[in-house]
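Order of the sequence lines sets the chain letters (A, B, ...), proteins ahead of strands, with each chain counted from 1.
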Number of protein chains: 4
Amino acid sequence: MKNVGFVGLGTMGKPMAEHLLANGFRVTVFNRTKARAEELVSRGASVASTPAEAASDADVVITMVSDDAAIGEVYDGTEGLLAKARPGTTIIDCSTISADLARKLGERLTKASIRFLDAPVTGSKQAAESGTLVFMVGGDAAVIEEHRDVFEAMGNKIIHMGPHGSGAATKLAHNTMVAIHNVALAEAMAIAAAAGVDPKSFLEVVTAGAAYSKAAEIKGPKLLAGDWSVQFGLALMLKDLKLATGFADRLGVPTPMMSAAKSLFQTAQQSGLGTLDLSAVAQVYEQWINRTFHADQNNK
Amino acid sequence: MKNVGFVGLGTMGKPMAEHLLANGFRVTVFNRTKARAEELVSRGASVASTPAEAASDADVVITMVSDDAAIGEVYDGTEGLLAKARPGTTIIDCSTISADLARKLGERLTKASIRFLDAPVTGSKQAAESGTLVFMVGGDAAVIEEHRDVFEAMGNKIIHMGPHGSGAATKLAHNTMVAIHNVALAEAMAIAAAAGVDPKSFLEVVTAGAAYSKAAEIKGPKLLAGDWSVQFGLALMLKDLKLATGFADRLGVPTPMMSAAKSLFQTAQQSGLGTLDLSAVAQVYEQWINRTFHADQNNK
Amino acid sequence: MKNVGFVGLGTMGKPMAEHLLANGFRVTVFNRTKARAEELVSRGASVASTPAEAASDADVVITMVSDDAAIGEVYDGTEGLLAKARPGTTIIDCSTISADLARKLGERLTKASIRFLDAPVTGSKQAAESGTLVFMVGGDAAVIEEHRDVFEAMGNKIIHMGPHGSGAATKLAHNTMVAIHNVALAEAMAIAAAAGVDPKSFLEVVTAGAAYSKAAEIKGPKLLAGDWSVQFGLALMLKDLKLATGFADRLGVPTPMMSAAKSLFQTAQQSGLGTLDLSAVAQVYEQWINRTFHADQNNK
Amino acid sequence: MKNVGFVGLGTMGKPMAEHLLANGFRVTVFNRTKARAEELVSRGASVASTPAEAASDADVVITMVSDDAAIGEVYDGTEGLLAKARPGTTIIDCSTISADLARKLGERLTKASIRFLDAPVTGSKQAAESGTLVFMVGGDAAVIEEHRDVFEAMGNKIIHMGPHGSGAATKLAHNTMVAIHNVALAEAMAIAAAAGVDPKSFLEVVTAGAAYSKAAEIKGPKLLAGDWSVQFGLALMLKDLKLATGFADRLGVPTPMMSAAKSLFQTAQQSGLGTLDLSAVAQVYEQWINRTFHADQNNK
């Protein structure tokens, strides 16, 4: 079986590494907080002290870190994984990073005879735990095929998007849709509620037909319950929308819908909702119409 | 079995009437073009010469016409259904009309001891033919229950939204979401395509996960095929967005997302796309990025 | 000198009538609250008991009322001015009404051999008092010339816009610009203030150069003082933006800027700012950046 | 008199240097294309071969270059002005650069005992030639006072905005207003024109009253003439709007108006209008309403 280095054992990374172990891969893990890495020893993982060590004997290295800055920390420097990764190794980054960084990493690693794939995922903690992530992958199709076994251990859909950077670009465009769907639900529910329609019945109509969105199915019940517990944080989505705006601006694509959504998420952030679930953008509309979508409040 | 009068045998109305006949109701139909009404005689329908005649012996009258103006034509005047509808009759309007008209009709008919439900549907011609429409109904819950058999003959979901006008209000808010979902798909696909991502792969990601919408599932393949054949016309959706804008303005609900979408549909209309499917709003983005989402063109 | 009937002695109408009297016209005035009309007797006005009476002996009738509904009240019915206006009379409406109503009035009065001009004004109470109003006039150029003396008694600029309804259309488009200029100032000041720039200095730059607008000159000092006393009410501007939206929607003009401005004014209205000056839309931005443009507050 | 180094003799820089010479300052100029520098010798200027040389004996160094990247080129390296500028020298940057760079330059130079002012200007080539520029200055008020004579040689208004970076921040917010005013004019004129109002008369109303903006006064006649000759290029304004968006995003200010304007300028750019004057954004509206504001075309 392949030797896999795994760097970054956060909410998503840890269950991903567990699935690799469960599927028989030899996995060497690195995490900044070492204790979290050691939790995987009983499942068969080796623990590395540096990213470099995790990469030194690996056929494949997977990185799952927080952002562009963290990539620099684990790839570069004397302890970085590039210090020890051998020519021929494949590095798969599953983090959500900027498309520019992914493209540049691809070019740089190719020159060093290291294969690179930018492979961010769609799916939450639950999908990581159940091994049903969707990978959107930028890079060489042959490299993807060579490591299909690695991807399939962690997810159930591996989609080739195009050259280096395409995976990251897809993730930004994808998240833009999620953001817009959330505000679309809130705005439509506000119109309906202001007209005297019961929010619960409105959601029932939405999920039954042509207006259905995954966002409505997942977040709609949260709006009805006034439950803002975090699945995907509002501040994080706002950060993605700002990244996507800069990205679209460089590409020269007019984005009236994303811009309108971004202003609403920014408004929510300014109202102190940043630490809540992204669906809390609906509270902006609740304030506007001076009532909530929450059942108890509606009975007032 | 109940006697049902059915007024308006268009694309939606005719299969709805056929389901009533198939379920054993005695149905008297009226249509402006009489030939279309006579096509139902072989299935057991009686043909009326006026709306009034269709209503004269009915327990329930269903109207399915094009807009507010058409309601006036079939309800009022010496040949209108109100000229002959008996006290105690239930009139169910399934047209997409303004919430104000629905509310006023409800008040007026109640005074005349006629029961009224505004019950627009979500679902296309296919749903009408397969009897799987979703009804969003405004009016008295008890009246809905009394005629559940009638609704269930034509649809598989009957949702009570609130008082008179709530059905029509729901339809407007619902269609707003459909419009926004369509432009969200187009905008995200434009960002992805401009970044070099294959549109087909992008759609695969969208429909696989958190960015899924019914609009993406139904219209996405049309974008990839450059197939603008009409399922729901662009000009019609623009009309609904204008109605919804006026409605939200009267309610005092800020609608930044709907407004942005309306400007895009209006732009599409001004470019001569009004007679195409509403998904053709994507062509506005195609022009902006100077390429199409259509596979053949992409290969250029 | 011409006999002038004058209907509607509100904030604007009364000083306009006074200027006609001061310029030697014989003026017969009507106002719903008769006491206000009688205040003009000492200046030489005759007082009519009905609009009809004000029109009965007039060469020119001027109407200055609040909205479309008020037009119906003073023009129609047995006491309405059309009941007594003679063929050949010229009726000049200076109210802000919908372009559709102005166009229809023009057609209807022309058939009755009465000449009609829709002539709304730009300029506040101060301009009415100093006789420096700007008239934007729809109708026949020759009729405007014939009554240039009447216009010049009240204003210093008389601009022919086009056929009946053009005056009203111009007023809506004009007010749209005023609304947008106000939110542009607020948004730019919010960016500057959030960056640590002194609002007073920022306004000095704005009014000194290429970013100058009349709105910035007039409303800027109000923002710096936190003075929301009414020059033009926020709720009134929101009403105009809704009228303008319906108008543009009927014309088929995409209006992304006006729509964005309307959402902001609606947001302000929902926050309880409707009774303040329209410049209070800036408070929406103040809440967003969690500080005011008002000097005392800035020192906190 | 003070010794002044002047780096960057473009459209704006050259007349600014000429005014310094005319006011008796000893000026040493540097320009990448040396021939342009030598044109100033007859007016008394000395010509330097490097920015360093221009700074070596200067009390004040003024830089007027194109963007952030150009700042790096003239400030840094062995030939850069910082290689020779003496402690106590004041460097005044009049370029339009990012607020972040200006703030960082301020911090860095202060540590090197060099005084820094970010002092971008509002006003075009004409204002530079007539010595009537407006300076918006970030930095220490005492330093501004010390060099008031330098500023007054080139402009007629010197406004202190706040600490380092405030000048640059003001410039971005200022240009945002200019952009919005231009699209406001285009949108209002489109509504008016679509309603049959003569564009020339509409502009007359706008410039006569409450809807007046400097943009309308300067650009309005260009719209009526179809004259898109460049005063301030459309692509340049789009670049500024993207900078301002990134800036506002970092500050956390919702910017619905600027975003809507940016989408319109981006649309114009995608239509090939980038090399025209920024007022050509009006052509987007002309295409939408299928007619031009240009008189000849209107007569069709």
Side-chain angles (χ1 to χ4, degrees), chain B residues 67-69 98-100 172-173 175-176 179-180 182-184 186-187 233-276 278 280-285 287-288, chain C residues 67-69 98-100 172-173 175-176 179-180 182-184 186-187 233-276 278 280-285 287-288:
Chain B
D67 56 20
D68 284 25
S98 74
D100 287 347
L172 284 178
N175 279 11
T176 293
I180 295 174
N182 269 279
V183 285
E187 188 164 308
L234 194 146
L236 198 62
M237 179 52 94
L238 177 58
K239 191 204 65 164
D240 281 2
L241 288 171
K242 290 176 180 178
L243 276 178
T245 297
F247 187 55
D249 275 354
R250 279 190 294 283
L251 292 168
V253 182
T255 55
M257 299 304 293
M258 173 164 69
S259 294
K262 174 161 68 74
S263 278
L264 289 161
F265 277 97
Q266 184 72 62
T267 298
Q269 168 85 16
Q270 300 307 101
S271 301
L273 308 173
T275 57
L276 305 182
L278 70 92
V281 72
Q283 287 192 45
V284 173
Y285 285 90
Q287 287 164 18
W288 282 346
Chain C
D67 55 19
D68 283 24
S98 73
D100 287 346
L172 284 178
N175 279 11
T176 293
I180 294 174
N182 270 279
V183 285
E187 187 165 307
L234 194 147
L236 198 62
M237 180 53 95
L238 177 58
K239 190 204 66 164
D240 281 2
L241 288 171
K242 291 177 180 178
L243 276 178
T245 296
F247 187 54
D249 275 354
R250 279 190 295 281
L251 292 168
V253 182
T255 55
M257 299 304 294
M258 174 165 69
S259 294
K262 174 161 68 74
S263 279
L264 288 162
F265 277 96
Q266 185 72 63
T267 298
Q269 168 84 17
Q270 300 307 100
S271 301
L273 309 173
T275 57
L276 305 182
L278 70 92
V281 72
Q283 287 193 43
V284 173
Y285 286 90
Q287 288 163 18
W288 282 345

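Shown here for C:Asp249 and B:Lys262, the closest heavy-atom pair between the two residues is OD1-NZ, 2.9 Å. The shortest heavy-atom contact between C:Pro254 and B:Ser263 is CB-O, 3.9 Å.
If you measure heavy-atom distances from B:Gln270 to chain C, the contacts under 4.5 Å come from the side chain alone. If you measure heavy-atom distances from C:Thr267 to chain B, the contacts under 4.5 Å come from both the backbone and the side chain.
Note: C:Gly252 leads C:Gly246, C:Ala260, C:Gly252 in heavy-atom pairs under 4.5 Å with chain B.
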